[in-house]
Asks: 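Can you read through this structure? Questions will come right after.
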Amino acid sequence: MTWLVQPSLINDPFSDPGLFIDFRFGRRALLFDLGDLTSLSPRQLLRVSHAFVSHTHMDHFAGFDRLLRVCLHRTTPLHLIGPAGFAGRVEHKLRAYTLNLLDAQSVDFVIVASEFSGDGFDRVCEFRAREAFHRRDMPEVLLSPGLLLDEDEFRIDGAVLDHGIPCVAFVFEEKLRVNVWSEGLRRLGLPTGPWLREAKRAVRRGAPDDSHISIRGDLSLPLGVLRQHALHIARGQKIAYVVDIAYHDRNIEKVIALARDADQLFIEAPFLDVDASIAAQRQHLTARQAGAIAKRAGVARLVTFHYSARYRDREDDLRREAEEAFCAHPSHGSHP
Ligand SMILES: [Zn+2]
């Protein structure tokens, strides 16, 4: 089975947090957070269709400028999604620049900024290069609760958490992994071709077994036959991203629901548990708390990051503390 996407942290765990989600096929990528992006090449940034911003503290948003600069002459739109107040902040960023060189002849690079309330997009604003990025207010968009993006192959959900301010956690979920079994195709005497993409799409849509897939003009087969003999179908990949949250029940419950059974959970672990009072004051997690949340969510793999600079020389301690809480045996009475 090949994964649809490959997630990787943008920076080392002491630098700005952020996740680059690269698609294995096709020129496409997603970003979770827009902190320091200098380690990403222009080629990588040009692939970004959507950037999801947890909140606009500088370490999560200061990379907006670099993304804008690289994408300015791009023909495909850039979608930015963030919490309440986000569209206004994007507008302020854009208004900070002198844009007299943009006019009706410019490449019409479009930025769409949407504010996620938990139940949909309360506010959607569009900024077009040809209009020197003057704000246009678009109709609000009501999606099902928690949904941020829904495409054929994957969906992205979010939850609004509390960091003293609203802060959004994200989860990328591949709908179904559908791979072609070439030996099965050969036995059925079928050629490869674009029809396979249609067949995969039909599976992901949940089309019934008797729906017919057209292979070429004079040949079609029921989806059930292909499903049985030529396609491998498995649960899709699930990747969760959680940063900058206070450790209290409401946040914990929301994170557990969002990250439930994820293949990978990327979660902040800024402080050691001996400094839990500082973590609480700053509305951040400790490594132990991050590990305990990962364990309760039943995730397969835990990746901690967003470490506080005060532990520069103790990176292993942070990682170990999170791992121990993640792997702790329930009978050993680990803390809630
Ligand atoms: Zn932060």
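What's counted below: heavy atoms across the whole structure, side chains too, no hydrogens, waters or symmetry copies. Counting starts at 1 for both ligands and their atoms, in listed order.
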Asks: Suppose we only allow N, O or S atoms; which atom of D59 ends up nearest to the Zn ion (ligand 1)?
Replies: OD2
Asks: Partners of S308 by side chain to side chain donor-acceptor pair (under 3.5 Å), sequence neighbours excluded?
Replies: none
Asks: Kindly give the atom name of the N, O or S atom of D244 closest to the Zn ion (ligand 1).
Replies: OD2
Asks: Who passes salt bridge (Lys or Arg N to Asp or Glu O under 4.0 Å) against K254, sequence neighbours left out?
Replies: none
Asks: Using only N, O or S atoms, tell me which atom of H60 is closest to the Zn ion (ligand 1).
Replies: NE2
Asks: Do you know which of F121, F86, F52 makes side-chain contact (heavy atoms from CB on, under 4.5 Å) with F116?
Replies: F121
Asks: Does any donor atom in the side chain of D36 or T38 lie under 3.5 Å from an acceptor atom in the other side chain?
Replies: yes
Asks: With a cut-off of 2.8 Å, does any N, O or S atom of H55 fall short of it relative to the Zn ion (ligand 1)?
Replies: no
